[in-house]
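Just follow the structure's listing: the first ligand is 1, and inside any ligand the first atom is 1. The chain is numbered in sequence order, starting from 1.
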Amino acid sequence: MKYILWFVFACTSLSSYAQKFQAASIRKHIEFLASDEMEGRGTGSLGEIRSANYIATIFGELGLKPAGIDAGFFQPFQVKYSIEGNLHQVTGRNVAGFLDNGAKKTIVIGAHYDHLGKGFQGSSLSPDSRNKIHNGADDNASGTTGLLELAGYFAKNNITEKHNYLFLAFSGEELGLLGSKHFTDNPTIPLASISCMINMDMIGRLSDEKGIIVSGWGTSPVWGKLIPELAKAQNLKYTVDSSGVGASDHTSFYLKNIPVVQFFTGGHGDYHKVSDDIERINFDGEAKILTIITGLLENIDKETTDPQFVTAANPHTGNRTTDFKVTLGVMPDYSYSGKGLKIDGVSKARPAEKAGIQAGDIITKLAGKEITSIYDYMEVLAKHEKGEKVEAEFLRGSETKKVSVTF
Ligand SMILES: [Zn+2]
């Protein structure tokens, strides 16, 4: 669950600098990863295995060291999920490549490469989604491409940076951050050697109006110190979310007390639908974001100390932390600007799902309080304990529904 505080800075500087990243190269990777041959990269599927091979082959060509298990690039893990009520077990695999600069500390650069496959796993929002390929061009062929581009840049720049870089492509994200959780529970490099983690999830739809959304802002003072200038140089507006806990893999690292930052170009109507295709990707926009991330990594190297970890406070209400005792287990829809809390997805076996709340529903009242925004929702959460029962009112289409929710 995210706590969002939208600080919007409109940057009007017209300065720009030469792009390090080429739209054509970005397009080539997204074209491959979001092609129908990859079958939507469902966790454990043949399409996902082929995508993993593509990533590992590029890591190998760049001379990265394998950082999976058994001297290979892959870190496999078991995943259980149910299809039409039956529990299945498949193997997901993280892909890990290490750029060894002989440094003590390593920066993890991550992106999930799995998506919803053919709609049998994860949370498709397309009606009649079964057996339809969900290409996930923005979610997250775009971030995976960012990972490949950054690996290429740092492997070929002939500079020995003051940090090593671990490039991690996660599987199982759509099923609940499973790949990143497996990695942080079974790290292939010591967790204590990780300086910070940079995540890219959905960076393919940059628009001037939305700009970039930067999460994890409150997990280290270094982000606020370095990112504003870099965004300005790219003439990009940005919005920040202070929490280290969110709907992507940076969360797994934050929960191990590692500073995290995530880049995101915002929600859209094709999110988790079969229509998330390459046609709407902004390749030049992604190149700008990668230039910002490169600048961030170069500037971290110039700092005299490593990024300091801070338990992200909740700036909306002072210094209270965002560790609530209860949540509904829902993911908010960031592109929704109307009244209420619109739900993008519900976690399995959590209070919202148990009460029958679904993706697409808009929560308007919770525990007697009118919910006009995510802030109202967080306020309610802060007042409740596990096991307590409250009433929730929500809109499904034009219908108002009432359910009882047990935290
Ligand atoms: Zn994603």
Side-chain angles (χ1 to χ4, degrees), residues 1-2 29-30 33-34 38-45 47-48 51-52 55 79 81 92 94-95 108-117 119 121-126 129 133-148 168-183 197-206 210 212-216 241 243-254 260-278 280-282 286 289 293 330-335 343-347 359:
M1 191 58 241
K2 283 201 176 190
H29 292 310
I30 297 180
L33 293 164
M38 297 305 116
E39 299 183 325
R41 308 182 305 282
T43 294
S45 68
E48 197 203 41
S51 306
I55 297 162
V79 178
Y81 72 97
N94 296 327
V95 192
V108 172
I109 300 167
H112 77 87
Y113 73 101
D114 68 296
H115 190 52
L116 305 174
Q121 52 175 243
S123 52
S124 175
L125 298 175
S126 278
S129 63
I133 298 173
H134 293 60
N135 286 320
D138 185 29
D139 188 10
N140 188 24
S142 68
T144 310
T145 293
L147 190 72
L148 296 172
L168 265 177
F170 302 109
S171 172
E173 192 271 352
E174 302 285 12
L175 295 171
L177 319 184
L178 302 180
S180 54
K181 186 173 188 319
H182 181 80
F183 180 85
M197 191 269 184
I198 296 176
N199 193 40
M200 295 166 284
D201 196 352
M202 299 173 66
I203 56 166
R205 295 256 191 143
L206 184 67
K210 273 192 191 163
I212 49 174
I213 296 153
V214 187
S215 303
D241 159 13
S243 178
V245 174
S248 190
D249 296 301
H250 57 292
T251 304
S252 303
F253 289 81
Y254 172 72
V260 297
V261 68
Q262 133 143 308
F263 292 86
F264 172 45
T265 50
H268 47 74
D270 300 312
Y271 172 75
H272 278 203
K273 289 186 182 154
V274 294
S275 51
D276 180 4
D277 283 320
I278 194 166
R280 306 274 314 268
I281 297 293
N282 178 352
E286 176 157 346
I289 295 167
I293 297 174
V330 298
M331 206 172 90
D333 178 347
Y334 304 106
S335 62
I343 307 299
D344 239 359
V346 293
S347 303

*Asks:* Using a 4.5 Å cut-off on heavy atoms from C-beta on, say whether the side chain of His272 contacts that of Ser124.
*Replies:* no

*Asks:* Below 4.0 angstrom, N of the basic side chain to O of the carboxylate: do Arg205 and Asp270 qualify?
*Replies:* yes

*Asks:* Quick one: do Glu48 and Ser171 satisfy side chain to side chain donor-acceptor pair (under 3.5 Å)? Show the steps, please.
*Replies:* CA-CA 8 Å; Glu48 197 203 41; Ser171 172; 2.6 Å; yes

*Asks:* Taking the side chain from Asn140 and the backbone from Met202, do they hold a donor-acceptor pair closer than 3.5 Å?
*Replies:* yes

*Asks:* How many protein N, O or S atoms sit closer than 2.8 Å to the Zn ion (ligand 1)?
*Replies:* 4

*Asks:* One thing to verify: whether Asp138 and Arg280 come together as a salt bridge, which I'm taking to mean a side-chain N less than 4.0 angstrom from a carboxylate O.
*Replies:* no

*Asks:* Please name the residue in the list Asp249, Asp201, Thr144, Thr43 that meets the side-chain hydrogen bond (donor to acceptor under 3.5 Å, both in side chains) test with His112.
*Replies:* Asp201

